[in-house]
Amino acid sequence: MSKHELPKAYDFRATEPRVYEMWEKGGYFRPRNDPNRPGFDPNVLPFVISIPPPNVTGELHLGHAMRVSMEDLMIRYNRMKGIPTLWLPGSDHAGIATQLMVERHLLKTEEVTREELGREEFVKRTWDWKKKYGGIISSQIRRLGASCDWERERFTLDEGLSRAVREAFVRLYEKGLIYRGPRLINWSPGLKTAVSDLEVEYSEEQATLYYFKYILKDSDEFIPVATIRPETILGDTAVAVHPEDERYKRFIGRTALVPMLGREIPVIADDYVSREFGTGALKITPGHDPNDYDIAQRHHLPVISVLDEAARINENGGPYQGQDRFECRDKLWADMKTAGLVIKTQPYTTTLPRSQRGGEIVEPMISTQWFVEIEPLAKAALEAVKDGRIRIVPERFEKVYYNWLENIRDWCISRQLWWGHRIPIWYCPAGHMTTGRADPTQCGTCGSTRLTQDPDVLDTWFSSGLWPFSTLGWPDETPDLKYFYPTSTMETAYDILFFWVARMIMFGLEFTGQVPFETVYLGGLIRDEHGRKMSKTYGNVIDPLIVMDELGTDALRFTLLVGSAPGNDMNLSVKKVEANRNFANKIWNAGRFVVSAINSLPVVPRHMPPDDTADEWTLADSWIWAKLQQLTRDVERLFQGFQYGEAGRQIYEFFWSDFADWYVETAKLQLQDESIRQKTAATLARVLDASLRLLHPFAPFVTEELWGHLHGAILESPIADLARDWPEALIAAPWPEPRPIEGWEESKVSDFMLLQEMVRSIRNLRAEKNVSPARRLPATIMGGGKTSLIHEQGVTLAALAGLDPSQLTISAELDKKPEESVVLVTGPVEIHLPLTGMVDLEAESARLARELAEAESQIHRLEQLLRSDFAARAPASVVQKEREKLVAFRQTAERIRAQLK
RNA sequence: GGGCGCAUAGCUCAGUUGGUUAGAGCGUCUCUCUUACACAGAGAAGGUCAGGGGUUCGAGUCCCUUUGCGCCCACCA
């Protein structure tokens, strides 16, 4: 194999690592305009993306693959446009997820719990774990071809970002926007920590509704009450009824007795109680229900907590102390039954709050936690989208965003975990709180030096919320922060709009006074081929690493990027990836053909006209070039509108159908003609070059590799001038601009289309009549007004349609119809194919009659259309198009009628 | 209870300023190993664009409505 010969199939396994290394070593991922390097120009606007940081110990899944592919597409496109780009990578410490993982691991391998290890040792072990496995996700992101600047990689727990977290906390604290206090929060008994509202998921489940009697003191009377959680009876501090309820009105103000405990509680009246629902009476458990908590506030009722951190009954539960909540539920109910307090139970469907991480039922509990007063932040964040400083794509998510921010509640930011940013608050024995940018040595209030730090850590999303600027050096005014902030586009999935995007906007505005990014692009989620969520239980999970191993990264990327619209979920199947692996191979082979065409050019260069004049161009050259310009314009328009998928689809179609199926096939003939051989090779090279540039953001590896071969081949050929100003690598090549062609006529396109029509109709007939593909048919063509075109394109036509060029008769008119032949009519052209022995006259006239009928019905339709208001009201170009169609159909009909005579 | 999305060929989906015979991939059927590619080429079958109504010269595309599916938010025991 000579050095120019390329392997027959694209070898992605060998190519991908090599190409990626070339890019990374070549420094292509670094911003072209870097504030930390000489020659920096602060006036050139950069394009910046901060990566949504994956969990540091996570493994790549299709969601990551989708995000990374999309971001890489945006980055590569902008880089090729000559814009300085920065894509800043990194990872998230992911408090709960990582802690759970390490806990599980320690339990399995060493049979120790984190409590047994102690906090310091456990945190150390988790850092060890991070050091060992933290690099995996980065290397997997590299495999996807991600062109991020690894020199700027960050981690939410690294020193700089921890300083940013500290600064953010202190600022909010000093401003009075962070407070600590007992509130009703969501408690995860499994994880033994508070979680935020967002970390609770509600699922509709089958439960039981328990009806029982609330006995009134010194009486036989009772109020019937229903509950889903009987164990919370132990924490009841009132029974509430509607003030207007005739059934219970008389009980208001009396005293009821808590079952089994005998505690005395008042019967109160509150509008909140719905008379129609359940029994119309409500037990009030302020310690374990948010509504009850509100009612209790209105009525100044005491709040009793009956659960401990593991959701066991505490000392307030009397004889039930120490029992698990569900155990207590059964025992208490059994006891109540014995005591005659039970009315009935009934199955009931309700929504249960479950922990997003642990999956167990979350308990509302009174607990002392840290909160961010969110309203002022939310207001600013709302404003930023409303006034257009931030644009959300697709637009419909703006409404979702508004709705959430308008109803937002204070954010519980403390977690009873060990892995994370510890809350920078120190307590002295007197209970004073001291904070500071540096660890304090004495109490800010009383001067005590006996300080202990708050044991809790911050919600992971607190640090992620700072990501777009903390990664650039904030709170320091670093050159990076000054130049790259605000970032350009935040590309992420819609499911973390609240968790992350909204919080970044709030924090960005609060701490930097600027929006953290200008555009939010929300992508969809990946589902299996039938739209089901991928889950290990279903067994329908597709592992992107395996897919890349088997079909190549480009195939996976192209599949993810093409064929779904912004904000819409995507159903993925391996079959789709296979189809795109085939496309990668198609690119490779078309390229292989072009490279070999260039390599075999005679060494003596011929005169070559400049790129953009239509002189010396064949019909096919003009046509493909025009198509390419149109494509370039369309792709640009689609990219501007974030329609990346549609853009990719159009490039695919152009490359496969127009370039490979038609132009390359035509070029094979042109290459045999010495006089236009070089020109043809040049056109092949130009169109391939532009195609590879357009495809590069979608499929970076195969395009880079092939482009390298193309580049090399051109430079060593007589058409070397073509590639004179090309850069070393495609990743750094300029994005194609549409170029007007001097002297080019629209008619070239329609002429080529007529040629295509003729070829198709001949091929169609051959297939119908089972004419062997090897058999070259003679033909007599009557060209009418297109005779000179057909003369000129006879060889091409013959080759593409399998005609015998030496037995091709072309004339403007025919005196008489050839014997024993089949006629094909396309517009003004008649093609007579003598198929001796195969012509069934009756069948032929039937076929022609059908075609005539079809043409006539089209003529009728078009005539009506053009007689209607359409002609007057539609734009001239649209009307003109229809007129041309009418003319063509009339010609066809006329020709067919002549045949039928 | 609010809000949003989806419904287009057997399957999975494109189709974004409304432009007039609705596209792709996979699958199916027929031919072909034609010197870039069988991970291919050529040809074919297959759709009342969920139902109904409206706006318009013109609707898969805009408006209203019905049905089915999915998602998000929300404190009804």
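Keep in mind that what you see is a predicted model, and the values were worked out from it rather than measured. Chain naming here is simple, since letters A, B, ... match the order of the sequence lines and numbering starts at 1 in each.
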Next on the checklist: Please report the distance, rounded to the nearest Å, between NZ in A:Lys576 and C1' in B:A14.
Outcome noted: 10 Å
Checklist entry - Sequence neighbours excluded, which residues qualify as ring-ring contact (aromatic ring centres under 6.0 Å, His included) partners of A:Phe397? => result A:Tyr494
Next on the checklist: Nearest 0.5 Å, please: how far is CH2 in A:Trp333 from CD in A:Glu231?
Outcome noted: 11.5 Å
Item to check | side-chain contact (heavy atoms from CB on, under 4.5 Å) evaluation trace for A:Val822 with A:Leu765 | outcome: CA-CA 9 Å; A:Val822 176; A:Leu765 185 91; 3.8 Å; yes
Checklist entry - Using the benzene-type ring in the case of Trp, are the ring centres of A:Tyr214 and A:Phe212 under 6.0 Å apart? => result yes
Checklist entry - At what distance, to the nearest 0.5 angstrom, does OG1 of A:Thr796 lie from CG of A:Leu669? => result 5.5 Å
So which protein nitrogen or oxygen atoms get under 3.5 Å of nucleotides 18-22 of chain B's nitrogens or oxygens?
unit_1: B:U20; atom_1: O2'; unit_2: A:Arg861; atom_2: NH1; d: 3.1
unit_1: B:U21; atom_1: OP1; unit_2: A:Arg861; atom_2: NH2; d: 3.3
unit_1: B:U21; atom_1: OP1; unit_2: A:Lys885; atom_2: NZ; d: 3.3
unit_1: B:U21; atom_1: OP2; unit_2: A:Arg861; atom_2: NE; d: 3.2
unit_1: B:U21; atom_1: OP2; unit_2: A:Arg861; atom_2: NH1; d: 2.1
unit_1: B:U21; atom_1: OP2; unit_2: A:Arg861; atom_2: NH2; d: 2.6

Next on the checklist: Heavy atoms only, 4.0 Å cut-off, all strands: where does A:Tyr348 land among base, sugar-phosphate and nothing?
Outcome noted: sugar-phosphate
Next on the checklist: Of the options B:G5, B:A44, B:G23, whose atoms approach the side-chain atoms of A:Arg396 most closely?
Outcome noted: B:G5
Item to check | Ionic contact status for A:Glu882 with A:Lys885, cut-off 4.0 Å | outcome: yes
Checklist entry - In whole Å, what is the span from the CG atom of A:Leu282 to the C1' atom of B:C75? => result 11 Å
Checklist entry - Side-chain N or O of A:Thr350 less than 4.0 angstrom from OP1 or OP2 on B:C76? => result no
Next on the checklist: Distance check, C1' atoms only: B:G60 and B:G23, in whole angstrom units.
Outcome noted: 12 Å
Item to check | Distance between P atoms of B:G25 and B:C64 (Å, rounded) | outcome: 36 Å
Checklist outcome for this item: Sorted by chain and number, sequence neighbours left out, ring-ring contact (aromatic ring centres under 6.0 Å, His included) with A:Tyr248 holds for none
Item to check | Sugar-phosphate only, base, or nothing, as touched by A:Tyr272 at under 4.0 Å among non-hydrogen atoms | outcome: base
Checklist outcome for this item: Looking only at B:A77, B:A42, B:A44, the nucleotide nearest the A:Val273 side chain is B:A77
Checklist entry - Is NZ or CZ of A:Arg763 both nearer than 6.0 Å to the six-membered ring centre of A:Trp662 and within 45° of the ring axis? => result yes
Item to check | Phosphate-side-chain proximity, A:Tyr494 and B:C4, N/O vs OP1/OP2 below 4.0 Å | outcome: no
Item to check | Minimum-distance nucleotide to A:Val400 side chain [options: B:A77, B:C72, B:U16] | outcome: B:C72
Checklist entry - Considering only B:C76, B:A24, B:C4, which nucleotide approaches the side chain of A:Lys399 most closely? => result B:C4
Checklist entry - Quick one: A:Asn580 CG to B:A14 P, roughly how many Å, whole number? => result 14 Å
Checklist outcome for this item: A:Glu204 CD to B:G70 P, in whole Å, measures 12 Å
Checklist entry - Taking atom P of B:C75 as reference, at what distance in whole Å does atom CD1 of A:Ile228 sit? => result 15 Å
Item to check | A:Gly641 vs A:Met570, nearer the 5' end of RNA chain B by closest nucleotide | outcome: A:Met570
Checklist entry - Which part of the nucleic acid, if any, lies within contact of A:Arg229, taking any heavy atom under 4.0 Å across all strands shown: a base, the sugar-phosphate backbone alone, or nothing? => result nothing
Next on the checklist: Does B:A40 have its OP1 or OP2 closer than 4.0 Å to a side-chain nitrogen or oxygen of A:Asn585?
Outcome noted: no
Next on the checklist: In whole Å, measure the gap between the C1' atoms of B:U16 and B:G3 for me.
Outcome noted: 23 Å
Next on the checklist: Rounded to whole Å, how long is the line connecting atom CD of A:Glu578 with atom C1' of B:A38?
Outcome noted: 15 Å
Next on the checklist: What I want to find out is whether A:Arg354 reaches A:Glu205 closely enough, with some N-O distance under 4.0 Å, to be called a salt bridge.
Outcome noted: yes
Checklist entry - Does the A:Asp289 side chain pair with the main chain of A:Asp292, one donor and one acceptor, at a distance under 3.5 Å? => result yes
Checklist entry - Counting side-chain heavy atoms from C-beta on, which of B:C73, B:C71, B:C76 comes nearest to A:Asn403? => result B:C73
Item to check | Quiz item: cation-pi between A:Lys668 and A:Phe593, 6.0 Å / 45° | outcome: yes
Checklist entry - Can you tell me if the side-chain N/O atoms of A:Trp656 get under 4.0 Å from OP1 or OP2 in B:G41? => result yes
Next on the checklist: Taking the P atom in each of B:U65 and B:G2, what is the distance between them to the nearest angstrom?
Outcome noted: 14 Å
Find every protein N or O atom lying less than 3.5 Å from an N or O atom of nucleotides 62-65 of chain B, and list the pairs.
none

Item to check | Salt bridge present between A:Arg13 and A:Asp11 (N-O < 4.0 angstrom) | outcome: no
Next on the checklist: For a quick check under 3.5 Å, do A:Asp197 and A:Asn186 share a side-chain donor-acceptor pair by atom type?
Outcome noted: yes
Next on the checklist: In this structure, how many angstroms lie between the C1' atom of B:G23 and the CD atom of A:Gln650, rounded?
Outcome noted: 11 Å
Item to check | A:Arg557 and A:Asp554 ion-paired at < 4.0 Å | outcome: no
N/O contacts under 3.5 Å, protein versus nucleotides 26-36 of chain B?
unit_1: B:A36; atom_1: OP1; unit_2: A:Lys668; atom_2: NZ; d: 3.1
unit_1: B:A36; atom_1: O3'; unit_2: A:Arg592; atom_2: NH2; d: 3.1
unit_1: B:A36; atom_1: O2'; unit_2: A:Asn589; atom_2: OD1; d: 2.5
unit_1: B:A36; atom_1: O2'; unit_2: A:Arg592; atom_2: NE; d: 3.2
unit_1: B:A36; atom_1: O2'; unit_2: A:Arg592; atom_2: NH2; d: 2.7
unit_1: B:A36; atom_1: N7; unit_2: A:Lys668; atom_2: NZ; d: 3.2
unit_1: B:A36; atom_1: N6; unit_2: A:Ala660; atom_2: O; d: 3.1
unit_1: B:A36; atom_1: N6; unit_2: A:Glu665; atom_2: OE2; d: 3.2
unit_1: B:A36; atom_1: N3; unit_2: A:Asn589; atom_2: O; d: 3.2
unit_1: B:A36; atom_1: N3; unit_2: A:Ala590; atom_2: N; d: 3.2

Item to check | Distance, C1' atom - from B:U67 to B:G52, rounded to whole angstrom | outcome: 11 Å
Checklist entry - Atom CD of A:Glu231 and atom C1' of B:A77: how far apart are they, to the nearest Å? => result 13 Å
Next on the checklist: Before we go on, tell me: are the rings of A:Phe12 and A:Phe701 under 6.0 Å apart, centre to centre?
Outcome noted: no
Checklist entry - Quick one: stems for RNA chain B, with Watson-Crick or G-U pairs under 3.5 Å, at least three in a row? => result B:1-7 with B:67-73, B:10-13 with B:23-26, B:28-32 with B:40-44, B:50-54 with B:62-66
Checklist entry - Hey, what do you get for CG (A:Asn580) to CZ (A:Phe698), rounding to the nearest 0.5 Å? => result 11.5 Å
Next on the checklist: Whether the side chain of A:Gln643 and the base of B:U16 hold a donor-acceptor pair under 3.5 Å is what I'd like checked.
Outcome noted: yes
